[in-house]
Amino acid sequence: MSEPKKLYIKTYGCQMNVYDSERMVEALGGQGYVETKTPDDADMILLNTCHIREKAAEKVYSELGRFKGLKADNPDLKIGVAGCVAQAEGQEIMRRQPMVDLVVGPQSYHRLPEMEAKARTGQKALDTDFPEEDKFEKLKARPKAKRAPAAFLTVQEGCDKFCAFCVVPYTRGAEVSRPADRILTEARDLVERGVREITLLGQNVNAYHGAGPNGDMTLAGLIWELNKVDGLERIRFTTSHPNDMADDLIEAHGTCEKLMPYLHLPVQSGSDKILKRMNRSHTAESYLRLVERIREARPDILMSGDFIVGFPEETEEDFQATLDLVQEVKYGYAYSFKYSTRPGTPAAERPQVDPDVADARLQRLQALITRHQREVQDSMVGRTVRVLFEKPGRQPGQMVGKSEYLHAVHVAGADIATGDLRDVRIKASGANSLAGELL
Ligand code: 5AD
Ligand code: SF4
């Protein structure tokens, strides 16, 4: 048998990219590749890129520049660009960087094996189509390798909401849900390979409406089906849009035992004027009422969110409304970003906020969010949480896992294996994690 070829894959951006990279590694496994952790001895380098913010494309070009020497040393090395920058700028990448052999958009990953074969013959391979077929069905795992206890599973892709700042509808295309039976088969397969927690992924995951045995299924319906899978202990999902937070999903948070008490529900801004200009079709008040209903269903739920500051025409008053909303919700985790112009999106053409003003606002928002995160984390001290242990910690004999609320929890000096689910009494709260003892 010939030596396996080595694949180095670097992933940027969201969890969906992490999932996609895993699928690509598996797909190229069928072409005789094994993953390697350094680009130095690779036969193929793949950058799985993100286009959501900042100078994403420039980052890709500078990263590619670093591989020039490797390509000179090894002319057989193939270099590919995947992900959302590939989708947005495929032709341009091929033109500007002749050393790139392969460009593949997120909807075409199932064609990667044939594209790799084409690149091996010295031809350029480019595919940024939006084909009809279910790429994940065609990307099925070949080797049934053991998996870590927590896994991602993409159930929905794309977006039809067209928020004025966002590039996703253009890079990932229209909203599509995978059929429920395929998701359940994949989930059972993951469980057989050692997975105990599954996070269902989608850019608009709570808009899920995949085909089920009796017509379209809602996300809550899918979660209830997954709840029946023996050996699967925990279910999470991300990212949700406030407008798709259906009653059955809110109810599931109160009644479905495997659904974890954590919800990532981005609001982006607390100002109704800005929300309108963002084309969000909800108000600050309707979002706050929604959070109230979710907390009625599941009082201990940990809320998480995303914010954009410095969106075009944001005034100090608008920004203050965002701070007020954060104050009211008190997020356990929140991610805040300075608005970044995305070419081709509606907001790109509008009057921009002074970057220094936006920077100062971002710092103020992050200070408030960090204080809340810390308070929520500190409030766990003295409580008992259930931890899914994922890996050894830095100290000998220590293990790290995640609580129901997604806090990292360290436990020292106990007999714990990867994949164990145990009750832990929290003793201390550190900068980014908790420490405790087994009960
Ligand atoms: N600028 C800044 N942040 C953005 N996000 C999406 N598009 C932009 C942009 N153009 C943020 C949103 C979203 C998260 C994934 O990234 O907050 O929820
Ligand atoms: Fe980035 Fe969005 Fe593409 Fe994910 S879907 S990689 S967040 S641009």
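Start at 1 and go down the list; that is how both ligands and their atoms are numbered. Positions are given from 1, in the same order as the sequence printed here.
When heavy-atom distances to ligand 1 are checked against a 4.0 Å cut-off, I308 comes that close only through its side chain, counted from C-beta outward. Contacts with ligand 1 closer than 4.0 Å are made by side-chain heavy atoms of Q268 only, the backbone lying farther away. With a 4.0 Å heavy-atom cut-off, ligand 1 is reached by the side chain of F337 but not by its N, CA, C or O.
For residues 284-307, the set of pairs meeting the ring-ring contact (aromatic ring centres under 6.0 Å, His included) definition, not counting sequence neighbours, comprises F307-Y331.
At a 3.5 angstrom cut-off on N or O pairs, S340 counts as close to ligand 1. Taking only nitrogen or oxygen atoms, main chain and side chain alike, Y339 does not reach within less than 3.5 Å of ligand 1.
One finds no salt bridge joining R289 and E292 here, because no Lys/Arg side-chain nitrogen approaches an Asp/Glu carboxylate oxygen to under 4.0 Å. Electrostatic pairing of E233 and R196 counts as a salt bridge here, judged by a charged N lying under 4.0 Å from a carboxylate O.
In this structure, H407 and Y333 have tilted ring planes: the angle between them lies in the 30° to 60° band. Relative ring orientation between Y8 and F67 is described as perpendicular, the plane-to-plane angle rising above 60° on a 0-90° scale split at 30° and 60°.
With ligand atoms numbered from 1 in the order given, ligand 1 contributes 10 (N) to contacts under 4.0 Å with heavy atoms of R342.
With atom 2 (C) of ligand 1 as the reference point, the heavy atom nearest to it among H264, K338, H241, Q203 is part of K338. Of the options D306, V168, T345, the smallest heavy-atom separation from atom 18 (O) of ligand 1 is shown by D306.
In this structure, R277 is not positioned above the aromatic face of F311 in the sense of NZ or CZ being under 6.0 Å from the six-membered ring centre and within 45° of the axis.
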